Structure formats: structure tokens, C-alpha cells
Amino acid sequence: MKFHNGCWLFKEGYECFSPQQVYEVRKKEKEVVLCAPTSRINHKGDTLGGINLTIKITAPMDGVIRVQTFHHLGVQDRGPKFELNLPENADAFKMEETEEKIIVKSGHLVLIIDKNNWSMRYERDGYLLTKSEWRDLAYLKSDWKGYAYDRRNDDAYMCQQLGLSVGELVYGLGERFTPFVKNGQSVEIWNEDGGTSTDQSYKNIPFYLSNRGYGVFVNHPEKVEFEVATEQVSKTAFSVKGESLDYFLIDGPSMKDVLVKYTDITGKPALPPQWTFGLWLSTSFTTDYDEKTVMSFIDGMEQRGIPLSVFHFDCCWMREFHWTDFVWDERVFPDPKGMLERIKAKGIKICVWINPYIGQESILFREGMEKGYFLKRPNGDVWQWDMWQPGIAIVDFTNPEATKWYQEKLEELVDMGVDCFKTDFGERIPIDAVYYDGKDAEKMHNYYTYLYNKAVFDVLEKKKGHEEAVVFARSATVGGQKFPVHWGGDCWSNYVSMAESLRGGLSLTSSGFGFWSHDIGGFESQSTPDVYKRWAAFGLLSTHSRLHGSTSYRVPWAYDDEAVDVVRFFTKLKLSLMPYLYSGAVKTSETGIPMMRSMALEFEGDKNCEYLDKQYMLGDNILVAPIFNEEGESSYYLPAGTWTNYLTGETAEGGCWRTERHGYLSIPMWVRANSIVATGIQAERADYDFKDNVEMKVYQLAGTAESVVYQEHEKVLKLQLTRGQSAEGTKEEVTGKVTGVSGCKVRFVNCKAVNVRGAASVLDGNDTVITLERDGEFHCEITE
């Protein structure tokens, strides 16, 4: 929210109360509490009345400092609150005090407060991260009367401004379809069902990353308003309504390190099952379909040689006007259990669409109403409206019995054969509702989606085990990354929307979310065959891949024969990459570093990468640049170093832009030097066995490289390579060590190896393929 009128004045009707000095310091073992008057105290008479701010500073973990500012401590917080992991670590908090300064240390992060002329300065080992100066931390109140204010007016806010250095850029704040770099944007953290072509977002996260290697997490579930270099172009401001403000400043030093610490606090992404990385096919949204239609899609994919991992039933698996009642529409699905068994017999998992709303025609409505399972209005009526379904009520997940009731319906579906749920909606949550446990309705607006998705995820964990639990979610708030996967929502079926979808995904993965998907071909309307084919390449080189639309089917033969070829080609390409992708997913679940990430996140310090939002890294080693035009032209940037085209084997030196044209069976896809990419030798489905079925592709080996392959959470293979001069200094030698499997192939791409010892080898075009029959070492000389 903007409070300023230019540089010196404030918005009409508002008064600003900002700390002037530190009047009193109360230090404890794990915290320091400051009394900070907002007017200068020259004598005891100045302490009579006025506004003081109480500021509590803690350090929950190394490299993290938390600042909580209160006007009135007695204001009741009815919640909800984010579920945070805050270990009690007294060692993280260190404090020094002099006559002039208070110095709080947490690891390499330091907060320096000027006691006599209030200011705050955050440093890492003397390097300025950001600072807060005169009037930057403020309590702002309208209708101030000097010694009191009109208590009938609750128009009070807490605001913190943090300085931006020259060249500093801000990323994150959730899934945002506006420009990738947030400088110059006003951002409201307020979940809305607004599509992908506006400044609204389904997934609003009050957390941002700075390219100076720090992040800021504002610990408020309600609306948080950010002004990123807008009203004060040299500052980022964030404000919340009420009497307090709570934020964490998180040191890196890299942006990846910030994400590791942020997800230490808010939760790591769960590891999706291996099968989820294959191709998902949907019935689409409002299309007519029955079992015959469904089986024709599944059989059609099989007949055309397109491996399918998941079939998704969207809304119309239930009778219209009855959403959500969890009852199959018997008019078109007379034998749902038998149908699911027939689908699963083909090795295909099943997903069904749900939402947290109960339509008035649903058989569940009266039961939920009578038992008090729905949100209510202040007068005790069920909160209903006619948006989405006529007369919908909203399940109250703060009521344990309502949650259990909802979950029991899902358990029946799991017992029937359903493997996962698409948790749609959860954004348009009213702020005038009354909750079972008395939670603040305004704060629940964003937080509702957390309880909703957690309730569904918990069912899948209970019924299928932690390793198999997965949802396909649209809405999210802080902590939602613990319940993957998330998709980008309702996009149009054109290149502009394809690009905005990618921006939203890169913004989301810069906000603590590890996995992301989108509707291949677009959701609204129907794309041209050209857009569909380009989007298929992009979608099948995302972490998760789903064919889904609104009013028309998204099977490839609905477009043209070439679309079938494209979907088949990129589906099989993705399946061949499963050892690489799944192992990268394990790393994401352990660290919080997203699997699909921006160039800015991967190549910090490269100025060419700072604004890039039309290309990305898929895992640690593969760069992908989708094509966004009918001409098939791609213009993209290769960072410095040697790169190898994954599809053609071409090598190129980076540090430059490339412009080229591609057919539909091609896409710019490059592997960085000194990479090992684990691939499957036989890959017919997403959940295939990696054991004795992996080829490790080695690109431009220099020095040492290592790759670990995981399957079902377990390490199954490890390859270590070292390249150096021979003892005589006349030859290039490679020593390799493989552990974990009884057989493995190592392919040195564009590299000829001679004098191989300890393994068999063959020359395959420009590559050398070494085959190991058992664990052990091998040695060779290489020529290039």
C-alpha cells in the first residue's frame, strides 16, 4: 500500500509514527526487546502519552534475523498462523551493545541498530545487504487526534521499507504473471481466481529474493502489500493492517542458499512419486465424456505409441449442479469401480477433480449444514453464494469433524482405485465468514488453501503412504510447497499466455516451490496445432506435464498427425530422462532448491541472466528455451562455458545470444560442461526400474564430476569421475568409480577414449560408451 505523497509528505489523513531512538533495552538469552519511542525523549515529561513501538529481535537459526514490531501488545491475535519450523537454538543469537549501537549477530548476518538516531543496517561480514532509515519502519494511523485516535476507525497499518542498492533486483512473491523482475510493481498478497493474464494470482507468497543474496519473509497470512521500487524507487516496502509486523531477513549468501533456509523455516517440498513425472491426460473441463470416451483416449494414446502415466477425470465425473458430492454420475459411469480397475490394469494411475465447495444440490449439503461443517455468516446462516455452483457452501477446515467428514469421502474414492486428487479452487474465500474455531476471517482468506490441501494430502499419506502422496493443486500460500504438485491455472491457448505461464512458474519456484506444471496447449479456447505442438515440447520439459483444456479435448490427434508425433517424441524424451529428473527431485525435496529454476537463480552474477523469463534450467545441468512464435524462431542466451546440444550433440561456446529456427521435433536444449546426465536405456513408462537400466552421459568433463541416481527415495547408483594429466604429463586420463548397481553404461559424449582398463568399451559415432558389469573403477585416456 502506498502511504507517501512524494518524498516528504504522507497520504492525506495519515500520520506516521516511526522510532526515533532506543530508550530501553531488555536483553534475554535468545532475544532482545527494545522500547522505541516515536518522538524524541528529552525529559521525563516527554514520556507522558504518545506512541511507543516495542521491537523484539530474535535469531531462530544461523543467517536469519526475525524482527517483530508491536504498537499495542494487548491486541488479540485470533490466527491463523503459518506452521513454521523454528528450532530453539540459543547459539544463533548473539548481541553486543555500546552507547551508540545494538549489534545482533546470527551466523554471518549482522543487524546494526543506531540507538540515538534510529536506523537499521543489515550486513553480511561487512557487506551491506539492505538498510532501514528515517521513517522506514512506521506505524501509520488515520484520524489521529494528538493524544488519541478515533477508535471507531481501525485504519492502522505497520510498514517496513528496506533499501534497494544500485542494480538490486527483486524476485518471487509467489506465482506472478507480471514481469519476472518485480522492481516497479505494486503487489498484493491476496489469493484470487484471476487467470494468468492479470496481476492477480492463485498462489501469493509474502517472500521475496534479492540478487544481493538475501530474502525477506513477511510472516503474515493476511493481505500483505508490497511496493517494490514504486512509491520510493530506492526501497521495497511491505505493509500489513493492524498493530504489529513480523518479518524474517534471511541471508544467503547465494539466492539458492536463501531458498534452503526459507524452506527450512516453512517446509520442504514433498518428493512426488516417480510416476507423477510422466504424461497426464485429462478429460478436459466441461466436455461431454463417458467410459467409452475415456477408454478411447487411453487406447488411442497406446495405439499411437504415446506412454501415458495418469488419466485425470475433471469436474464432470460428478453430476452437474452436484459439485462436490464425490459421487460418480451413474448416467455415464454405471460401473466406476470396474472402470477404474480396467484403467489401472493398463498401468495407468487415476486422478479425479475435487474442490472444497458443496453445491446446494449435492447430497452432502444438508448433512454438512445440519452438522455445522460449513462456513457461516455472522447471523448463524450458512455462508452461501452462487459463484461457481448455485448455492455453494464452503467446508470449514478449522472444524476437525468437518475435516474428518470431508476426508472420509476421499478415502472411499481411494479405496475405489483413485490415486490422487486435483485440488482445484480455494482462492475466493469470504472475509465476512465465521469459522468454527474463531479464526480471523480476513487472515483465513489466503490461509484457507493450506488447510484444504493439507487435508487432502493427509488422506493420501494415510491411505497410500508418504512416498505415494501427491495432489495437483491450483491455490497456495506459505507452506503449500509441502503438498506438491502445483499448476499454473487458467491460461489462454496462445503464445502470449504460454510465455506468461512460464513467468508465473519461474516466479513461483523462486518462492520456495519445487515442482510446477501448466496446461499444455492452454486452457481457455483451443490453440492452433502450431501452438499445441510448441507447448507440448515446453510442457514435457517441465517437472510435471498435463494435457488439459476447457471446452475441447486435448488428445494430440484432435489437432493433426504431426501433433501425435511431437507428443510421442517429447514424452519418450522425458521418460528417458527419468533417472536425471527423479534424482533432481530428491535433491529438491531435501534442499528446497527448485527443480525448474530461473536463469537468474542458477547463474548469479551473470548480468545477461537477470531478466530472462523465456528460458530456464531443468535440474542442475539442462537449459531449455521454449519457442513462442509461429516462425519457429528461438532467441536465447547461453551463459559462459562450453555447452552441448542434448538432441544433436553440437557443441557451442556460451557467453552469447543465439538465434535459430527449429522444427516441431526440436527445441533448444543444452547441457552445461562438466555434467553427468543419467538416462534410462529402456524407458517405456515413468516408473520404470533404474537398476541395470541407466546410461550416464558425460559432457565436457573437466576436473571432477559426480552424479547420484535415486529411485524410490533410495540411492541406487553413484558415478565419480576425475580427469587430469597422466604422471608423465603427456596424456589426459580419466578415472571413474561406479557404486550401487551390477551393470552401468557411461557414455562420454563427443569424446574418444582409448586404453580403457577395468571395463569394456565401444566407439558409437563421436561418443565412447564404457560398460561396467559390476561396481568398481575404470581408467582410460581420452582424446577430443
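We number each residue from 1, following the sequence as shown. Keep in mind that this is a model prediction, so the values were computed, not measured.
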### Query
Rounded to the nearest 0.5 Å, how far does CD of Gln481 lie from OG1 of Thr509?
12.0 Å
### Query
Are a donor atom and an acceptor atom from the side chains of Tyr636 and Arg658 found within less than 3.5 Å of each other?
yes
### Message
Would you say Asn621 and Tyr699 are linked by a side-chain donor-acceptor pair, where the criterion is simply a distance under 3.5 Å?
### Response
no
### Task
Please test His544 against Thr276 for side chain to side chain donor-acceptor pair (under 3.5 Å), starting from the C-alpha separation and ending with a verdict.
CA-CA 7 Å; His544 288 78; Thr276 68; 2.9 Å; yes
#### Entry: Euclidean distance, Lys697 NZ relative to Arg747 CZ, rounded to 0.5 Å
6.5 Å
### Message
I'd like to know if the side chain of Glu604 reaches the main chain of Met255, judged simply by a donor and an acceptor atom lying under 3.5 Å from each other, with no hydrogens or angles considered.
### Response
yes
### Task
Verify the distance criterion only: is there a donor paired with an acceptor across the side chains of Glu733 and Gln725 at less than 3.5 Å?
no
### Query
What's the spacing between Thr543 OG1 and Trp516 CH2 if we round to 0.5 Å?
8.5 Å
### Query
Is it the case that Gln711 and Gln274 place a side-chain donor and acceptor less than 3.5 Å from each other?
yes
### Message
Go through it in stages, so that I can follow the logic: the residues are Arg723 and Glu732, the test is salt bridge (charged side-chain N to carboxylate O under 4.0 Å, His left out), and I'd like the CA-CA distance, side-chain angles, deciding distance and then a yes or no.
### Response
CA-CA 7 Å; Arg723 176 177 177 173; Glu732 289 281 318; 2.7 Å; yes
### Query
Between Lys752 and Asp764, does a salt bridge (charged side-chain N to carboxylate O under 4.0 Å, His left out) hold up when you go through it step by step?
CA-CA 9 Å; Lys752 295 181 180 179; Asp764 184 10; over 6 Å; no
### Query
Any salt bridge between Lys203 and Glu175, counting N to O under 4.0 Å?
yes
### Message
Measuring from atom CG of Leu281 to atom CD1 of Ile348, what distance do you get when rounded to the nearest 0.5 angstrom?
### Response
8.5 Å
### Task
Please step through side chain to side chain donor-acceptor pair (under 3.5 Å) for the pair Lys745 and Thr771, ending with a clear verdict.
CA-CA 5 Å; Lys745 294 184 183 295; Thr771 301; 3.2 Å; yes
### Query
From Phe569 CZ over to Leu647 CG, what is the distance, rounded to the nearest 0.5 angstrom?
5.0 Å
### Query
Short question: side chain of Arg568, backbone of Arg304 - any donor-acceptor pair under 3.5 Å?
yes
### Task
For Ser761 and Thr768, work out which heavy atoms get closest and say how close.
CB-CG2, 4.4 Å
### Query
With no hydrogens and no angle check, do the side chains of Thr642 and Glu653 hold a donor and an acceptor under 3.5 Å apart?
yes
#### Entry: Minimum-distance pair of heavy atoms, taken over all atoms of Gln526 and Ser493
C-CB, 3.7 Å
### Query
Looking only at heavy atoms, what is the nearest atom pair of Phe180 and Ser598, with distance?
CZ-CB, 3.4 Å
### Heavy-atom donor-acceptor pair, Arg597 side chain to Pro594 backbone, under 3.5 Å
yes
### Query
Between CD of Glu777 and OG1 of Thr739, what distance do you get to the nearest 0.5 Å?
10.5 Å
### Message
Check this for me: does any side-chain nitrogen of one of Lys261 and Asp264 sit under 4.0 Å from a carboxylate oxygen of the other?
### Response
no
### Task
Using distance alone, with no hydrogens and no angle criterion, decide if Ser309 and Lys349 have a side-chain donor and acceptor under 3.5 Å apart.
no
#### Entry: For the student: nearest non-hydrogen atoms of Asp606 and Pro639, plus distance
OD2-CB, 3.8 Å
#### Entry: Note, Arg534 side chain near Phe628 side chain (heavy atom, < 4.5 Å)
no
### Query
Cut-off 3.5 Å, side chains only: do Tyr495 and Trp535 have a donor facing an acceptor?
no
### Task
May I ask you to say whether Lys587 pairs ionically with Asp620, meaning some side-chain N is under 4.0 Å from a carboxylate O?
yes
### Query
Hey, is CD on Glu633 packed in by over 12 heavy atoms from elsewhere, all under 6.0 Å?
yes
### Task
Over all heavy atoms of both residues, which pair between Asn693 and Asp689 is shortest? Give the atoms and the distance, please.
ND2-O, 3.2 Å
### Query
Would Ser552 and Arg554 count as having a side-chain donor-acceptor pair, cut-off 3.5 Å?
yes
### Message
What I want to find out is whether Glu562 reaches Lys533 closely enough, with some N-O distance under 4.0 Å, to be called a salt bridge.
### Response
yes
### Message
Between Val756 and Ile770, is there a side-chain heavy-atom distance shorter than 4.5 Å?
### Response
yes
### Query
Are side-chain heavy atoms of Tyr580 and Thr679 found at a separation under 4.5 Å?
no
### Query
Is it true that Lys256 and Glu602 have a side-chain N and a carboxylate O under 4.0 angstrom from each other?
yes
### Query
Do NZ/NE/NH1/NH2 and the carboxylate oxygens of Lys607 and Glu610 come within less than 4.0 Å?
yes
#### Entry: Check: Ile593 main-chain N/O paired with Thr591 side-chain donor or acceptor under 3.5 Å
yes
### Message
Under a 3.5 Å cutoff, is there a donor and acceptor pairing between the side chains of Lys268 and Thr263?
### Response
yes
#### Entry: side-chain contact (heavy atoms from CB on, under 4.5 Å), paired with Ser583, selected from Val708, Leu717, Val716, Val709
Val709
### Message
Tell me the closest heavy-atom pair linking Val566 and Leu665, and the distance in Å.
### Response
CA-CD2, 3.7 Å
### Message
For Phe515 and His486: C-alpha separation, side-chain torsions, deciding distance, then whether ring pair (Phe, Tyr, Trp, His ring centres under 6.0 Å) applies.
### Response
CA-CA 7 Å; Phe515 308 99; His486 293 80; 9.7 Å; no
### Query
Is the side chain of Ser589 donor-acceptor paired with the backbone N or O of Leu271 at a distance under 3.5 Å, no angle test?
no
### Query
Would you say the side-chain atoms of Glu500 and Thr196 include a donor-acceptor pair closer than 3.5 Å?
yes
### Trp280 ring center near Phe472 ring center (under 6.0 Å)
yes
### Query
Taking atom types as modelled, is there a side-chain donor on Lys182 or Ser507 under 3.5 Å from an acceptor on the other?
yes
### Query
Going by atom types alone, do Ser282 and His548 pair a side-chain donor with an acceptor below 3.5 Å?
yes
### Message
Please check: side-chain N/O of Asp257 versus main-chain N/O of Ser254, any donor-acceptor pairing under 3.5 Å?
### Response
yes
### Query
Are His518 and Phe538 near enough that their ring centres are under 6.0 Å apart?
yes
#### Entry: Asp419 vs Lys344, salt bridge (charged side-chain N to carboxylate O under 4.0 Å, His left out): CA-CA, chis, key distance, verdict
CA-CA 10 Å; Asp419 296 289; Lys344 293 173 77 71; 2.8 Å; yes
#### Entry: Trp275/Glu468 under side chain to side chain donor-acceptor pair (under 3.5 Å): CA gap, chis, key distance, verdict
CA-CA 9 Å; Trp275 53 263; Glu468 285 293 300; 2.8 Å; yes
#### Entry: Any donor-acceptor N or O pair under 3.5 Å, side chains Tyr664, Asp530
yes
### Query
Would the number of heavy atoms belonging to other residues, nucleotides or ligands and lying under 6.0 Å from CD of Glu684 be above 12?
no
### Message
Under 6.0 Å between ring centres: does that hold for Tyr553 and Phe297?
### Response
yes
### Query
How about Ser296 and Asp299: does a side-chain donor come under 3.5 Å of a side-chain acceptor?
no
#### Entry: Residue pair Gln700, Asn674: steps toward the side chain to side chain donor-acceptor pair (under 3.5 Å) verdict
CA-CA 5 Å; Gln700 301 291 327; Asn674 209 40; over 6 Å; no
